[in-house]
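Both counts, for ligands and for their atoms, begin at 1 and track the order of listing.
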Amino acid sequence: MTWTNSKDSALRERAMAVIPNGMYGHQSVMLMPDDYPQFFERAEGAYLWDVDGNRYVDFMCGYGPNLFGYAHPEIDAAYVARLRQGDTMTGPGEAMVELAEAMTRQVSHADWAMFCKNGTDATTMALMIARNFTQKKTIVLARGAYHGAAPWCTPLKNGVTPADRANQVFYDYNDVESLEAAVREAGSDLAGIFASPIKHDTFIDQEAPTPEYARRARELCDEQGALLIIDDVRAGFRLARDCSWSLVGVKPDLSSWGKAIANGHPISALLGADIARFAAATIYATGSFWFSAAPMAASLATLKLIADSDYLERTIALGERLRTGLTEVSGRHGLGLRQTGPAQMPLIMIDEDPTGAKGYFWNNALLKRGVYFHPWHNMFMNTAMTDGDIDHALQAADDAFKLLKAAGPLEPVAKLEFMHAMVG
Ligand code: PMP
């Protein structure tokens, strides 16, 4: 089938009239290569169909939630059954307790759980609980790490006041000295240290945490009586069947979760250790949809698969097949790729591409061949992908490299320059 985008273009035009800028936030394709569709019709297993009927092997997985394949039969059956019985009610169902039991069983540092809707809800609760626990204000965070879109953490400064960003000190991920310096600057006012499970910032190579950095973060919190918070919203259950820092042997006091915990159904969570239980019980946090039962039922079904299946090994194997294959294909074309991060959450950037133009060209050519990659955000594997899907991506990558080489010098990507200027 030939690739077309007439329906998507028409929808974008209508959206422009009734939605600010036609779309907002991280799923706006305004900053993606030119042909990326904005609107989708359907998703099943490893595939995504846009409104024009073009099918993609989707390596973004909804920006993380799709871990077991879109429209997973067991997970969705649990969701639908609960939906028919009662979903958003005047209070929660039994599933809330069952889910808190299941999450605390699965995540070794956690003694309790609170549920919410978005990752930002969970990270914001973590911030409040750390301040309530210590009765102190200052939060230490890694420079450039994403923790959500509330005024205290949103990457764009429009609409944000200096007061929203008060009492924050920054360090460089994996840099023990800069972490120590930030904690010194916080002085006697340290409430907590936030850390991403891995360095998974956009546009730059991903990094695993060094054990020295992770252990020092724990020690500094212990010395100061502050809380250590792991933001596992994006990587949670993708690296381990436990909190991601179980891989470096460090237990946080709080961890925030979202994305994959219900395979795409809307629910997020904050997990905590006993030490923070009273502080968690005495902040005010709620939302109209936070206690809906159907996403909790979906999450319970997802957690069962997390505990009982080989999903982790499978997504790692798929990621390794992609990584090895891309190294081979790019090598054949004499082009370097930087493939960083865990194989199941890869960030793939073209070497010697300071303006991003090669990456945009290559990703756009992949898209036209039915492969949805991202030029500057880490991607995700899911268990519905097959070796055949990976091989299809490798064939498309090969074709896209040929086109890239034939294209000659490329203009810098104006929209990227604009974005970097805005974020600053
Ligand atoms: N933390 C991390 C590490 C994330 O990746 C995200 C979302 N990309 C968030 C927090 C915020 O989650 P949400 O978009 O669900 O509010």
Short N-O contact, Arg184 and Glu223, less than 4.0 angstrom:
no
Charged tip of Arg143 within 45° of Phe170 ring normal and under 6.0 Å
no
Select one of side chain, backbone, both or neither to describe which atoms of Tyr63 lie under 4.0 Å from any atom of ligand 1, heavy atoms only.
neither
Carboxylate-amine/guanidinium contact Asp52 Lys7, below 4.0 Å:
no
Which residue and atom name correspond to the protein heavy atom nearest atom 16 (O) of ligand 1, and how close is it?
Thr120 OG1, 2.6 Å
Show which atoms of ligand 1 fall inside a sub-4.0 Å distance from at least one heavy-atom site of Gly148.
10 (C), 11 (C)
Note: Lys415-Asp34 ion pair, threshold 4.0 Å (strictly below):
yes
Heavy-atom nearest neighbour in the protein, as seen from atom 1 (N) of ligand 1, with distance rounded to 0.1 Å:
Asp231 OD2, 2.6 Å
Should you measure from each heavy atom of His200, which atoms of ligand 1 turn up under 4.0 Å away?
3 (C)
Before giving the answer on salt bridge (charged side-chain N to carboxylate O under 4.0 Å, His left out), spell out for Asp253 and Arg277 the whole-Å C-alpha distance, their side-chain angles and the decisive distance to 0.1 Å.
CA-CA 10 Å; Asp253 302 299; Arg277 192 187 286 262; over 6 Å; no
The atoms of ligand 1 lying under 4.0 Å from a heavy atom of Asn118, numbered in the order shown, are 15 (O), 16 (O)
Students should be able to answer this: which protein heavy-atom is nearest to atom 12 (O) of ligand 1, and at what distance?
Gly119 CA, 3.2 Å
What atoms in ligand 1 come closer than 4.0 Å to a heavy atom of His147?
1 (N), 10 (C)
What protein heavy atom sits nearest atom 5 (O) of ligand 1, and how far off is it?
Arg234 NE, 2.8 Å
Salt bridge or not for Glu320 and Arg323, using N-O below 4.0 Å?
no
Does a side chain donor of either Asn263 or His72 reach within less than 3.5 Å of an acceptor in the other side chain?
no
Looking only at protein heavy atoms, which one is nearest to atom 8 (N) of ligand 1, and how far off is it?
Lys259 NZ, 3.1 Å
